[in-house]
Amino acid sequence: MSKDIRDRGREILTAELADAAATYCAEHGFDAVTVDDIARAIGISRATFFRYFTSKEAAVVAAVRIGRLSIGDQVRRGQPALGTRVVDAVRAAMQPTIDAAHATPGLLRARLTMISESSALRARLASERSEQRVDLEQALLERVADPIEACAAAHASMAAIDLAWSIWSSDERMEFDVALDRAFELVVDVDSVQLDR
């Protein structure tokens with residue numbers, strides 16, 4: 001068996017375990033369960049749990065990363081054409097996330113609520129988002145000549161994505177792609193926002 005196939009098999013199993021762990025935590029309360037509880041509930045040993053995750057926080061946050069590829073990897077995979085706006089390249093890279101939000105909105109909102117209610121999960125997610133921003137910046141540096149522009153675009157894109165999650169999770173009638181478009185519009189055009197009261 002080739003290394004690529006083994007790695008892909010491990011990624012799939014990690015994703016399945018993360019999803020099961022996050023679902024269990026959402027149903028029983030993140031702070032109320034232990035790693036032993038999670039492992040037992042999802043049918044693995046404690047040792048196996050720690051082969052895949054460093055903590056229960058890591059398992060839950062891994063379940064939130066839809067598509068399992070980083071945004072930077074999605075941008076690379078999309079191979080946007082020369083002249084494509086970074087906003088459009090990142091927006092296209094978010095398509096797996098958009099699809100998942102359309103398919104399982106209740107599940108994703110429950111996980112976001114769980115994260116928002118736990119300081120440990122918020123800290124873990126913030127760390128993950130920081131790593132994603134660095135990775136996105138590296139992906140953009142491969143395609144954008146000015147390093148400062150690549151850095152600014154990565155920061156703005158991650159801010160828009162975080163804003164989109166906030167908008168979407170607070171309005172059950174809203175579709176995620178609408179929230180994402182609105183968030184990018186606001187972040188990209190922030191200089192037009194005025195104090196009006």
Side-chain angles (χ1 to χ4, degrees), residues 11-44 46 49-50 52-72 74 90-91 93-136 154-187 190:
E11 288 171 12
I12 291 168
L13 182 55
T14 300
E16 290 173 356
L17 293 174
D19 285 338
T23 298
Y24 181 80
C25 288
E27 290 171 352
H28 295 86
F30 178 79
D31 292 327
V33 300
T34 65
V35 167
D36 288 334
D37 295 332
I38 296 166
R40 190 170 33 258
I42 65 176
I44 60 174
R46 176 185 174 87
F49 181 93
F50 283 114
Y52 289 89
F53 310 106
T54 58
S55 64
K56 65 179 185 174
E57 291 84 0
V60 170
V61 170
V64 175
R65 190 176 347 134
I66 296 155
R68 309 307 178 222
L69 288 176
S70 70
I71 298 166
Q74 294 283 13
V90 173
R91 171 64 170 74
M94 291 295 293
Q95 194 58 52
T97 302
I98 292 166
D99 294 343
H102 282 292
T104 57
L107 177 68
L108 290 180
R109 282 191 173 99
R111 289 178 180 177
L112 289 171
T113 298
M114 176 175 52
I115 289 170
S116 71
E117 293 172 351
S118 166
S119 59
L121 284 173
R122 287 193 310 272
R124 179 67 189 211
L125 183 61
S127 174
E128 168 97 5
R129 300 305 267 174
S130 179
E131 292 171 14
Q132 287 238 350
R133 183 198 49 76
V134 169
D135 183 60
L136 177 58
H155 277 273
S157 295
M158 293 307 295
I161 291 165
D162 288 341
L163 177 59
W165 282 120
S166 178
I167 293 169
W168 180 76
S169 64
S170 66
D171 184 352
E172 290 189 3
R173 297 165 300 161
M174 182 168 287
E175 298 290 348
F176 184 69
D177 56 337
V178 174
L180 189 62
D181 290 341
R182 178 73 174 131
F184 269 112
E185 176 186 301
L186 287 168
V187 169
V190 72

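Sequence positions, counted from 1, serve as the residue numbers for this chain.
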Which atom names give the shortest non-hydrogen contact between [X] and [Y], and what distance separates them?
| X | Y | answer |
| --- | --- | --- |
| F53 | A18 | CZ-N, 3.6 Å |
| C25 | I38 | SG-CD1, 3.5 Å |
| M114 | A26 | SD-N, 3.4 Å |
| Q74 | P96 | NE2-CG, 3.5 Å |
| S70 | Q132 | CA-NE2, 3.9 Å |
| V187 | A156 | CG1-O, 3.5 Å |

Would you find a donor on one side and an acceptor on the other, under 3.5 Å apart, between the side chain of [X] and the backbone of [Y]?
| X | Y | answer |
| --- | --- | --- |
| D37 | T34 | yes |
| S118 | I115 | no |
| K56 | V33 | yes |
| W168 | L180 | no |

Beyond-backbone contact of [X] with [Y], side-chain heavy atoms, under 4.5 angstrom:
| X | Y | value |
| --- | --- | --- |
| S157 | L136 | yes |
| F184 | V90 | yes |
| E117 | F30 | no |
| R91 | D177 | yes |

Show me the donor-acceptor pairs, under 3.5 Å and distance only, between side chains in residues 122-129 and residues at least two apart or in other chains.
unit_1	atom_1	unit_2	atom_2	d
R122	NH1	S116	O	2.7
E128	OE2	R65	NE	2.5
E128	OE2	R65	NH2	3.0
R129	NE	D162	OD1	2.9
R129	NH2	D162	OD1	2.9

If you round to the nearest 0.5 Å, how far is [atom2] of [Y] from [atom1] of [X]?
| X | Y | atom1 | atom2 | answer |
| --- | --- | --- | --- | --- |
| T104 | D99 | OG1 | CG | 10.5 Å |
| I167 | F176 | CD1 | CZ | 9.5 Å |
| I98 | D181 | CD1 | CG | 7.0 Å |
| Y52 | L13 | OH | CG | 4.0 Å |
| S119 | D31 | OG | CG | 7.5 Å |
| I71 | I161 | CD1 | CD1 | 3.5 Å |

Query raised in the report: Do T23 and R111 have side-chain N/O donor and acceptor atoms under 3.5 Å apart?
Result: yes
